[in-house]
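Everything on this sheet refers to the single structure shown next.
Note that the structure is predicted; figures quoted are calculated from it, not measured. Only heavy atoms go into these numbers, but all of them, side chains included; no hydrogens, no water, no symmetry mates.
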Amino acid sequence: MVNAINYLVDHATDLLQMGGPLMGVFLVFLESVIPILPLGAFITLNMNAFGFIIGFLISWGSTCFGCYISYLVFSSFLSRYFYRFLSKKDAKKIKKSMEKIKKMSLSNLVVVIALPFTPAFLINIASGLAGVDKKKFLIAILVGKLSIVYFWGVIGTSFLESMTDIKTIMIISVMLVIAYFVSKYISKKTHVD
């Protein structure tokens, strides 16, 4: 089984290298818009194809851009029509939940985004529909996605092994704490919260 996975990764990496960095950008961006695609696999392939630093930057920039575009679509266009399709009772409940999301602090939003298993598309949709400030969302995405890209890039195909490795767990935990404090600092400097 491991040999089959390695074979697939090697051939997918070769194809990605032939397509160049724009292919890597396209795959990660596409995953941000179509959530059923495997972000972890695309990040791992980018890092295998272009090296850790370039692969990391391609993956991080692409996922941030894709999430922000998705957020903009929901905040600018679809939020107007969303509540029209709900009953008054359901709309009232959802508006109450959306108000909590809108009031979420920058630091808390960063931590939610930075958690490896939080579905990004739901955060994009909820933030867009709730009317989270654009600057706040962009900062949260830029800071929070650093740990996600690192997580999937380093762990990649050896996920189960990594989750039992105390060193990997500690690195991810430290990155979450750093993301929280960086967002607190940025929040104070930019007065976004």
Side-chain angles (χ1 to χ4, degrees), residues 24-25 28-29 31-33 35 38-44 46-47 50-72 74-75 96-193:
V25 167
V28 176
F29 174 80
E31 185 282 330
S32 299
V33 180
L39 177 64
F42 294 155
I43 291 172
T44 301
N46 275 338
M47 289 190 181
F50 307 112
F52 184 81
I53 294 174
I54 301 297
F56 180 90
L57 291 173
I58 288 170
S59 300
W60 174 72
S62 303
T63 192
C64 290
F65 182 64
C67 286
Y68 193 65
I69 294 296
S70 177
Y71 157 82
L72 287 176
F74 281 92
S75 70
K96 193 174 184 179
S97 298
M98 293 296 175
E99 199 57 38
K100 289 179 184 177
I101 293 169
K102 187 175 183 176
K103 291 180 180 178
M104 186 181 285
S105 71
L106 175 65
S107 301
N108 289 343
L109 186 56
V110 166
V111 169
V112 169
I113 290 167
L115 292 171
F117 300 105
T118 305
F121 72 98
L122 286 180
I123 295 168
N124 303 339
I125 292 169
S127 297
L129 293 176
V132 171
D133 180 67
K134 289 177 183 175
K135 187 176 180 181
K136 178 179 173 179
F137 184 78
L138 183 59
I139 291 169
I141 286 293
L142 290 172
V143 174
K145 287 293 182 178
L146 289 169
S147 67
I148 293 291
V149 173
Y150 175 82
F151 177 82
W152 288 117
V154 170
I155 289 177
T157 56
S158 61
F159 173 69
L160 294 176
E161 285 177 28
S162 298
M163 291 314 292
T164 58
D165 178 26
I166 192 70
K167 182 180 174 186
T168 303
I169 293 169
M170 293 299 293
I171 290 171
I172 297 300
S173 299
V174 167
M175 288 189 75
L176 286 173
V177 170
I178 289 170
Y180 176 80
F181 285 112
V182 165
S183 66
K184 281 288 197 190
Y185 175 78
I186 291 171
S187 178
K188 283 183 182 179
K189 290 292 184 186
T190 61
H191 306 292
V192 173
D193 207 31

Requested in this report: First locate atom CG of Leu146, then atom CD1 of Ile113, and finally report the distance between them rounded to the nearest 0.5 Å.
Outcome: 11.0 Å
Query raised in the report: Can you find a pair of side-chain heavy atoms, one from Val132 and one from Leu109, that are under 4.5 Å apart?
Result: yes
Query raised in the report: Roughly how far apart are Glu31 CD and Phe121 CZ, rounded to 0.5 Å?
Result: 9.5 Å
Report task. Report the distance from atom CD1 of Ile139 to atom CG of Leu106, rounding to the nearest 0.5 Å. Result -> 6.0 Å
Query raised in the report: Does the side chain of Phe181 reach to within under 4.5 Å of the side chain of Val177, using non-hydrogen atoms?
Result: yes
Report task. Looking only at non-hydrogen atoms, find the nearest pair between Lys102 and Lys136 and report the distance. Result -> O-NZ, 3.3 Å
**Report entry** Sub-4.5 Å side-chain heavy-atom contact between Val110 and Lys184
**Finding:** no
Query - CZ on Phe29 to CZ on Phe42, rounded to 0.5 Å - result: 13.0 Å
Query raised in the report: If you take all heavy atoms of Ala130 and Met98, which pair is closest and at what distance?
Result: CB-O, 3.3 Å
Report summary line: d(Trp152 CH2, Asn46 CG) to nearest 0.5 Å is 15.0 Å
Report summary line: Between the OH atom in Tyr150 and the CE atom in Met47, the distance rounded to the nearest 0.5 Å is 9.0 Å
Requested in this report: Please report the closest heavy-atom contact between Ile141 and Cys67, naming both atoms and the distance.
Outcome: CD1-CB, 3.9 Å
Query - Heavy-atom side-chain proximity of Lys100 to Met104 below 4.5 angstrom - result: no
**Report entry** Note, Leu142 side chain near Trp60 side chain (heavy atom, < 4.5 Å)
**Finding:** yes
Query raised in the report: Got more than 12 heavy atoms from elsewhere within 6.0 Å of CZ, Phe52?
Result: yes
Query raised in the report: What do you reckon, are the aromatic ring centroids of Tyr71 and Tyr68 less than 6.0 Å apart?
Result: yes
Requested in this report: Apply side-chain contact (heavy atoms from CB on, under 4.5 Å) to the pair Val143 and Ile186, showing each step before the final yes or no.
Outcome: CA-CA 10 Å; Val143 174; Ile186 291 171; 3.8 Å; yes
Report task. Please confirm whether the backbone N or O of Ile101 pairs with a side-chain atom of Ser127, one donor and one acceptor, at under 3.5 Å? Result -> no
Query raised in the report: Looking only at heavy atoms, what is the nearest atom pair of Asn108 and Tyr180, with distance?
Result: OD1-CE1, 4.3 Å
Requested in this report: Mark yes or no for whether Ser183, through its side chain, and Ala179, through its backbone, hold a donor-acceptor pair below 3.5 Å.
Outcome: yes
Query raised in the report: Under the 3.5 angstrom rule, does the side chain of Ser62 hit a backbone N or O of Ser59 as a donor-acceptor pair?
Result: no
